[in-house]
Amino acid sequence: MHNLPILGTNQVSEMFAIPVRRLTAFAELQIVDHHDQRPGTGNTRRYSIANLMMTKLASNLQQLGVAPKKLSTKAEHLNYGIAEYLDEPKTAPRYMFIWLTSNMEVKVSWHTSTTFTYPTSILMDLKMLHEEINDKLATESGLYYAG
């Protein structure tokens, strides 16, 4: 259900105040995994709930200074974590972390609590992100995803 395409690029841009060019860059870097990577002339990319969550997450991380090209190297793991959370929100890990190892390698991991042993990490709360997306959908478009 979370893969159901619901909004186009222009709608997402307006709703979340993210420039269209940035949304396009996220798609080109495969940070946001659209089912149809090449929509063709006149066909807009459609954003599912999972795509909206990853888009908002990528935008937030970029505002914190995480470069989209660096983020693209971990996008598969981040998208996987979002999909797992949407499939089983009661049992899947609620938190994702991006962290640095002692040799400065970027890693992604999932946890059920905010206790994390690495001193340099970014915490992402999937439940809070999901609620933010749902609130925005409900107030601005009349849509709501209960999943």
Side-chain angles (χ1 to χ4, degrees), residues 1-89 91-112 114 116 118 120-138 140-141 143-147:
M1 179 79 177
H2 61 83
N3 289 323
L4 179 66
I6 56 172
L7 297 174
T9 302
N10 288 332
Q11 292 170 299
V12 171
S13 174
E14 291 173 18
M15 190 175 292
F16 295 100
I18 301 171
V20 170
R21 180 62 198 124
R22 187 173 305 159
L23 295 173
T24 304
F26 289 162
E28 289 169 355
L29 291 169
Q30 296 184 344
I31 294 170
V32 177
D33 184 22
H34 296 279
H35 294 291
D36 183 3
Q37 286 291 339
R38 296 189 182 132
T41 304
N43 296 326
T44 187
R45 288 182 173 92
R46 293 285 176 192
Y47 288 74
S48 66
I49 296 297
N51 295 151
L52 291 174
M53 287 180 67
M54 189 60 201
T55 298
K56 185 66 174 148
L57 179 62
S59 180
N60 291 349
L61 290 171
Q62 186 176 15
Q63 290 173 8
L64 288 173
V66 179
K69 284 189 180 183
K70 184 60 104 174
L71 185 59
S72 71
T73 64
K74 300 301 172 188
E76 183 178 350
H77 298 292
L78 295 169
N79 279 301
Y80 175 81
I82 288 171
E84 287 291 308
Y85 174 79
L86 289 172
D87 285 340
E88 295 294 332
T91 58
R94 172 180 174 171
Y95 302 103
M96 286 193 307
F97 291 86
I98 293 180
W99 52 282
L100 294 173
T101 65
S102 58
N103 62 351
M104 300 305 287
E105 187 179 354
V106 177
K107 299 280 190 175
V108 174
S109 60
W110 301 271
H111 295 277
T112 55
T114 58
F116 198 63
Y118 293 91
T120 306
S121 62
I122 297 174
L123 167 70
M124 296 158 283
D125 185 338
L126 296 178
K127 181 178 181 191
M128 188 179 289
L129 182 63
H130 188 218
E131 288 171 355
E132 182 181 343
I133 297 295
N134 274 339
D135 290 347
K136 195 65 127 165
L137 288 173
E140 299 214 12
S141 69
L143 297 173
Y144 179 77
Y145 172 72

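Quantities reported herein were computed from a predicted structural model and do not represent experimental measurements.
- To the nearest 0.5 Å, atoms CG (L137) and CG (L52) are separated by 6.0 Å.
- Remark: E88 engages no residue in a salt bridge (Lys or Arg N to Asp or Glu O under 4.0 Å) (not counting sequence neighbours).
- I82 is listed as a side-chain neighbour of L57, based on a closest heavy-atom distance under 4.5 Å.
- Between E84 and A92, the shortest heavy-atom distance links the atoms O-CB, 3.4 Å.
- Taking OG of S72 as the start and CZ of F26 as the end, the distance is 11.0 Å to the nearest 0.5 Å.
- A donor-acceptor pair shorter than 3.5 Å cannot be found between the side chains of N10 and S13.
- Listed by first and then second residue, the ring-ring contact (aromatic ring centres under 6.0 Å, His included) pairs that reach into residues 56-84 are Y80-W110, sequence neighbours excluded.
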Checklist line | Chi angles and distances behind the side chain to side chain contact (heavy atoms under 4.5 Å, CB included) call for M96, I122 | finding: CA-CA 8 Å; M96 286 193 307; I122 297 174; over 6 Å; no
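- Here salt bridge (Lys or Arg N to Asp or Glu O under 4.0 Å) pairs that include residues 53-76, with residues two or more places apart or in two chains, are K56-E132.
- Of the possible donor and acceptor atoms, one in the side chain of N51 sits under 3.5 Å from a partner among the backbone N and O of S48.
- Listed here is the closest heavy atom pair of P93 and H111: CB-O, 3.4 Å.
- The two residues Q30 and A75 have their closest heavy-atom pair at O-CB, 3.6 Å.
- With sequence neighbours excluded, the residues forming a side-chain contact (heavy atoms from CB on, under 4.5 Å) with Q11 are L7, R46, listed by chain and number.
- Although no hydrogens or angles enter the test, the distance criterion places a donor-acceptor pair under 3.5 Å between the side chain of N79 and the main chain of I31.
- Atom CG of residue L123 and atom OG of residue S121 lie 7.0 Å apart, to the nearest 0.5 angstrom.
- With sequence neighbours excluded, the residues forming a side-chain contact (heavy atoms from CB on, under 4.5 Å) with T9 are V20, L23, T44, R45, Y47, listed by chain and number.
- Remark: S109 OG to W99 CH2 distance equals 6.0 Å, nearest 0.5 Å.
- One finds the CG atom of N60 at 10.5 Å from the CE atom of M124 (value rounded to the nearest 0.5 Å).
- Among the candidates L100, L71, T73, the single residue satisfying the side chain to side chain contact (heavy atoms under 4.5 Å, CB included) test with V106 is L100.
- In this view, K127 and Y85, R94, D125, E131 satisfy the side-chain contact (heavy atoms from CB on, under 4.5 Å) rule, not counting sequence neighbours.
- Going from atom NZ of K107 over to atom OG1 of T101 covers 6.5 Å, rounded to the nearest 0.5 Å.
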Next item on the list: Could you give me the CA-CA distance, side-chain angles and deciding distance for H130 and L86, then say whether side chain to side chain contact (heavy atoms under 4.5 Å, CB included) is met?
Entry: CA-CA 9 Å; H130 188 218; L86 289 172; 3.6 Å; yes
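- Taking both residues in full, the closest heavy atoms of P68 and Q62 are given as CG-NE2, 3.5 Å, listed atom of the first, atom of the second, then distance.
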